[in-house]
Amino acid sequence: MVGMRDVAKKAGVSVSTVSLVVNASGYVSDEMRSKVERAMRELDYIPNELARNLYRGRTGLVGVIVPTLRHPFFATLVSALQGRLSQRNLQTLLCATDDADTGEAEYVGRLRRHMMDGIIMAAHTDHPADYWESIGRPVVAFDRVLGDTIATVRSDHEQGGRLIARQLVGTGARHVVMVGGPRKQFDDRGDGVTTFPTVRYFRMLGRQCDAAGIRHEYVESGAVSDVAGCVQAVHALFDRIEPAIRGVRDGGDAVPVDAIVGSDVVASCAVREALSRGLRVPQDLQVIGYDGTYLADCAGMTLSVVRQDFDTLSERLADHIVDAIDRTGDSASAGGHAEDSHIAGGPAGHAVDIVPVSLRTGDTTRPVA
């Protein structure tokens, strides 16, 4: 196996010069660099990436913690994020907390032991903010707040709620059912604060419906990883609302449920359930999804959806974690310790990077009047 000594001998330079070229870690004249690079090509020398990372104090690994890969939102996010990190020469170490016995504690332990360069945290956590800040290593949060010094990237869910409300108000909706996770998510900390991101668009939609005089209710569909529970919740909802919808079609004067809002999974289930019962979408029932994943085009009709911008979200997450890693490295190389850095793996002060969402109107909503 060809090593640095062989390259140095071939190029007629010292081993330290070869090391400087390989690791891009110091000044080398253009003439010397050309000699080393020519010798590397002629000897077909491949630098040892592990050794290079150890030299830099890096592993090239970023842990990405999500609740599950069963849900299309997280599958889509992880796919986009892995590509963005790869472009920055970082590999993804994935942890789905609901899908395996390995939880966040193992990944935090690896980060503390410098076995990873950073963590992107996209799962619910019961730890208080000071836990994540005390790690003293690069951490970036997705769709939740982990601490005053840890950067957060999220979609503009309040905007999502307003977009849905505008669509439903404009189409004359009278009774909206929102289908989402357990009600306890609206106040999971017990102080009126929630760490669950989609609660924001449900709350905004509810306020907008109140202002427009539209009836609305909330139906639980289980945790994000419980896809079967979501299917069952939608089926039970239709058992309840179908008679009223048919009653209006037969000349009744009741106010039936005429719009359903939920994740792409909920919306897809709602369309299939409606069509299987002979209900008309969108004439009898409008359906709006939230996320804009691949599932939005697999429901038998093109869903109207609020689309989260996965490309931009993953780009921003990658930017923030690389910045946090570089800041920590700069602190250590300056003679301090990353654990003592005021940034605690993030920028000074809590940065919230909010990415706009958009509404795509498909076949499951009526034209706005």
Side-chain angles (χ1 to χ4, degrees), residues 67-76 98 160-161 164-165 167-168 171 173-186 196-199 201-203 205-206 209 214-249 254-308 360-366:
T68 181
L69 288 177
R70 300 173 192 173
H71 197 285
F73 173 83
F74 289 104
T76 304
D98 291 354
I164 296 172
Q167 176 70 24
L168 295 179
T171 54
R174 296 188 295 169
H175 187 166
V176 180
V177 173
M178 296 175 272
V179 183
R183 290 181 186 275
K184 65 181 181 180
Q185 293 180 356
F186 282 76
F196 287 88
T198 53
V199 165
Y201 89 79
F202 285 134
R203 282 177 169 168
L205 177 55
C209 285
I214 299 174
R215 293 176 59 183
H216 62 89
E217 60 180 290
Y218 187 84
V219 171
E220 296 185 13
S221 64
V224 66
S225 59
D226 187 8
V227 177
C230 179
V231 174
Q232 293 169 4
V234 172
H235 182 79
L237 172 62
F238 271 82
D239 283 344
R240 174 168 66 86
I241 68 175
E242 182 182 359
I245 295 174
R246 293 192 180 281
V248 168
R249 286 172 57 177
V255 179
V257 169
D258 56 3
I260 293 178
V261 176
S263 69
D264 290 356
V265 177
V266 168
S268 296
C269 290
V271 169
R272 290 199 304 269
E273 194 73 37
L275 296 179
S276 70
R277 293 171 185 252
L279 300 179
R280 298 170 302 170
V281 178
Q283 295 88 343
D284 296 327
L285 183 71
Q286 297 190 84
V287 178
I288 299 180
Y290 196 94
D291 287 337
T293 66
Y294 57 84
L295 199 60
D297 298 317
C298 301
M301 303 177 72
T302 302
L303 289 177
S304 294
V305 290
V306 169
R307 303 172 71 174
Q308 299 197 58
R360 181 192 74 177
T361 53
D363 301 327
T364 58
T365 53
R366 297 188 292 270

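Source: prediction; values computed, not measured.
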- Which atoms form the tightest heavy-atom contact between D226 and G229, and what is the distance? OD1-N, 2.8 Å
- Identify the heavy atoms of S221 and A233 that sit nearest to each other, and give their distance. CA-CB, 3.7 Å
- Judged by atom type as modelled, is there a donor-acceptor pair below 3.5 Å linking the side chain of R183 to the main-chain atoms of Y218? yes
- Message: Under 3.5 Å, is there a donor on one side chain and an acceptor on the other for Q167 and S304?
- Response: no
- Message: Counting C-beta onward and ignoring hydrogens, is there a side-chain heavy-atom pair between V261 and L168 closer than 4.5 Å?
- Response: yes
- Query: How close do A267 and G289 get, heavy atom to heavy atom, and via which atoms?
  - Reply: CB-CA, 3.6 Å
- Item | Set of side chain to side chain contact (heavy atoms under 4.5 Å, CB included) partners for T302, sequence neighbours left out | D297, R360, D363
- Within the side chain of S268, is there an N or O that forms a donor-acceptor pair under 3.5 Å with the backbone of V265? no
- Message: Among residues at least two apart in sequence or on other chains, which ones pass side chain to side chain contact (heavy atoms under 4.5 Å, CB included) with P67?
- Response: F74, T97, D98, A123, V224
- Message: How long is the straight-line distance from CG of D264 back to CD1 of I288, given to the nearest 0.5 Å?
- Response: 12.0 Å
- Roughly how far, to the nearest 0.5 Å, is the NE2 atom of H216 from the CZ atom of F202? 12.5 Å
- Distance in Å, T171 OG1 paired with Q286 CD, rounded so as to fall on 0.5 Å steps: 3.5 Å
- Query: With sequence neighbours left out, what residues match Q308 under side-chain hydrogen bond (donor to acceptor under 3.5 Å, both in side chains)?
  - Reply: S155, D291
- Task: Count the heavy atoms of every other residue, nucleotide or ligand shown that sit under 6.0 Å from CZ of R366, and state whether that count exceeds 12.
- Result: yes
- Note on the structure: Rounded to the nearest 0.5 angstrom, the CZ-CG distance for R280 and L275 is 12.0 Å
- Decide side-chain contact (heavy atoms from CB on, under 4.5 Å) for V287 and M301; before the verdict, give the C-alpha distance in whole Å, the side-chain angles of both, and the deciding distance to 0.1 Å. CA-CA 11 Å; V287 178; M301 303 177 72; over 6 Å; no
- Sequence neighbours excluded, the answer for side chain to side chain contact (heavy atoms under 4.5 Å, CB included) partners of E217 is H175, V177, V219, R240, V257
- Mutual orientation of the aromatic rings belonging to Y290 and Y201 [parallel < 30°, tilted 30-60°, perpendicular > 60°]: parallel
- Note on the structure: The reported gap from CD1 in I164 to CG in L205 (rounded to nearest 0.5 angstrom) is 5.5 Å
- Distance-minimising heavy-atom pair for P256 and R174: CD-NH2, 3.7 Å
- Check whether any side-chain heavy atom of I260 lies under 4.5 Å from a side-chain heavy atom of L237, and answer yes or no. yes
- Item | Closest heavy-atom pair and its distance - A299, V271 | O-CG1, 3.7 Å
- Message: Just to verify, what does E242 make a salt bridge (charged side-chain N to carboxylate O under 4.0 Å, His left out) with, not counting sequence neighbours?
- Response: R246, R277
- Message: So, using side-chain hydrogen bond (donor to acceptor under 3.5 Å, both in side chains) as the criterion, who are the partners of T76 when residues are at least two apart?
- Response: none
- pair V266-C230: side-chain heavy atoms closer than 4.5 Å: yes
